[in-house]
Amino acid sequence: MNDLESQLEYPLGETLPAPGAVHELAPGLCWLRMPLPFALNHINLWLVRDQVEGKGGWSVIDSGVGTDATRAAWEQVFDDSLRGESLLRVFATHCHPDHVGLADWLCSRFGAPLWMTTGEYGFARMMSSALPGVDGSAAIPHFQRHGLDDPELVAQMKGRRNYYPSLVAGVPLSYIRMQDGQQIRIGERRWRVITGFGHSPEHAALYCEELKVLISGDMVLPRISTNVSVFAIEPESNPLQSYLDSLGKFAALPADTLVLPSHGKPFRGLHTRIVQLREHHHARLAEVVEACATPRSAFDIVPIMFRRALDAHQLSFALGEALAHLHKLWFDGIVRRVIGDDGIIRFHLI
């Protein structure tokens with residue numbers, strides 16, 4: 001546990017459900033933990049007791065990535081925990097593969113509808129179809145404009161062209177829209193939708209006032225900071241500002257809220273964690289300001305923000321995040337953006 005984590009409370013201690021196992025957090029609310037084939041090796045999913053049109057069963061928040069290992073874990077859940085009961089609804093907090101990867105598989109198996117925000121659903125459909133501009137290859141010229149010039153890394157990124165479709169086999173052809181502030185009755189309890197921005201197009205967290213429980217998705221994580229990136233399809237965005245603004249929505253929740261994050265362990269200390277996240281990004285911004293005393297590209301900033309070796313998968317996130325910090329400074333009027341004779345975009349302190 002690092003110093004920041006020690007400031008949070010983990011009421012379940014070291015409890016970690018095994019893949020395919022279900023851990024009850026409260027009556028009608030259960031925790032699942034599924035494997036991921038990345039350095040970030042797990043995702044938390046949440047089962048909520050539900051009733052739809054007189055039929056009892058469960059709804060699930062997020063689905064896991066579309067791999068055989070996750071399907072096998074789900075089969076164990078069906079056999080050992082659901083025991084013939086159905087999934088009535090599939091909720092997806094956002095469009096990233098670990099959250100929506102098996103949504104279509106689950107929806108098709110149980111005849112359940114998919115619930116998402118419009119922004120997330122639209123991007124999931126586009127990326128699962130590998131449409132031009134959002135497919136893996138679109139990132140290469142985007143990052144090359146921002147200084148990526150290593151032929152080996154470029155070649156590795158080209159190998160990620162079908163990255164999203166390989167993990168999200170499909171997305172249901174229809175959905176039910178979630179919107180900010182919407183009250184959704186799941187079983188006997190109401191859950192309020194809290195949208196967030198910066199990490200993904202229109203991320204939906206769910207808060208239950210009765211339980212004082214926040215299913216935070218990727219917006220508030222206990223150990224790591226959620227990735228905030230500038231992507232090829234929206235090359236002049238300011239996602240870090242959007243993310244910091246979104247944190248304010250969660251700051252209004254009670255201090256003793258139990259946070260159920262997509263990665264890491266359930267925790268209390270939401271207000272403390274929000275302060276930590278704000279301070280983290282302000283510290284990174286200060287580093288970037290100092291570095292921009294001379295013109296810097298996003299690729300130049302990566303080793304300043306990420307002081308470790310990165311593979312192609314990690315580098316794509318790191319480059320996007322470095323650019324997000326540069327863009328906030330650019331939008332704030334602290335640095336100016338210059339396109340060099342070599343076509344590379346650099347940022348320089350004003």
Side-chain angles (χ1 to χ4, degrees), residues 15-25 29-50 52 55-116 120-121 123-130 135-136 159-176 186 200 204 206 215 217-218 260-265 313:
T15 299
L16 296 174
V22 171
H23 181 84
E24 186 178 67
L25 298 170
L29 176 61
C30 298
W31 173 20
L32 291 75
R33 185 176 162 102
M34 297 291 185
L36 292 178
F38 318 124
L40 182 60
N41 63 8
H42 72 278
I43 179 172
N44 299 321
L45 315 177
W46 315 99
L47 284 171
V48 183
R49 173 65 71 179
D50 201 1
V52 176
K55 181 180 180 181
W58 296 87
S59 285
V60 65
I61 292 91
D62 290 335
S63 62
V65 77
T67 63
D68 290 341
T70 309
R71 290 186 186 90
W74 266 116
E75 293 290 354
Q76 188 176 340
V77 171
F78 300 151
D79 292 342
D80 297 345
S81 300
L82 297 190
R83 298 178 182 176
E85 291 190 292
S86 295
L87 290 182
L88 303 177
R89 291 184 278 187
V90 176
F91 292 85
T93 58
H94 61 296
C95 65
H96 294 164
D98 46 336
H99 298 263
V100 77
L102 285 180
D104 189 51
W105 182 71
L106 292 173
C107 289
S108 298
R109 182 173 183 136
F110 291 98
L114 173 67
W115 289 60
M116 291 182 82
E120 299 295 338
Y121 177 76
F123 264 82
R125 288 292 303 272
M126 287 191 292
M127 291 190 290
S128 64
S129 301
D135 64 333
R160 289 166 48 83
R161 180 170 184 170
N162 294 314
Y163 167 76
Y164 191 97
S166 72
L167 298 173
V168 183
V171 178
L173 301 181
S174 63
Y175 77 111
I176 296 175
I186 307 177
S200 64
L206 292 166
I215 296 176
D218 277 354
L260 306 183
S262 290
H263 310 284
K265 296 177 293 186
H313 176 76

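Every value quoted in this text rests on a predicted model; they were computed, and no experiment measured them.
Between the side chain of His263 and the main chain of His42, a donor-acceptor pair closer than 3.5 Å is present. In this structure a side-chain-to-backbone donor-acceptor pair under 3.5 Å is missing from Ser108 to Trp105. A donor-acceptor distance shorter than 3.5 angstrom exists from the side chain of Asp62 to the backbone of Thr93, with no hydrogens or angles considered. Between the side chain of Ser86 and the backbone N or O of Gly57 there is no donor-acceptor pair closer than 3.5 Å. Within the 3.5 Å criterion, the main-chain N or O of Ile176 finds no donor-acceptor partner in the side chain of Tyr121. Side chain of Asn44 to backbone of Gly264: a donor-acceptor contact under 3.5 angstrom is found.
Centroid-to-centroid, the aromatic rings of Tyr163 and His313 come within less than 6.0 Å. In summary, the aromatic rings of Phe78 and Phe110 are positioned with their centroids under 6.0 Å apart.
Nearest heavy atom pair, residue Ser128 against residue Val171, reads OG-CG2, 3.6 Å. Taking both residues in full, the closest heavy atoms of Ser63 and Ala103 are given as OG-N, 3.2 Å, listed atom of the first, atom of the second, then distance. Here the closest heavy-atom approach between residue Ala92 and residue Met116 is recorded as CB-CG, 3.5 Å. Residues Met127 and Pro165 share a closest heavy-atom pair of O-CG, 3.6 Å. Scanning all heavy atoms of the two residues, the minimum distance from Arg89 to Val52 falls at NE-CG2, 3.9 Å. Counting all heavy atoms, side chain and backbone alike, Thr67 lies closest to Thr70 at OG1-OG1, 3.0 Å.
Between Val77 and Met34, the closest side-chain pair of non-hydrogen atoms falls below 4.5 Å. Using a 4.5 Å cut-off on side-chain heavy atoms (C-beta onward), Arg125 and Leu173 make contact. The closest side-chain heavy-atom distance from Leu260 to Ile61 is not below 4.5 Å. In this structure the side chain of Cys107 never reaches within 4.5 angstrom of the side chain of Tyr175, judged on heavy atoms.
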Walk me through it: do Asp50 and Trp58 pass the test side-chain contact (heavy atoms from CB on, under 4.5 Å)? CA-CA 5 Å; Asp50 201 1; Trp58 296 87; 5.8 Å; no
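Salt-bridge formation is not detected for the pair Glu24/Arg49: no Lys NZ or Arg NE/NH1/NH2 atom is positioned less than 4.0 Å from an Asp or Glu carboxylate oxygen.
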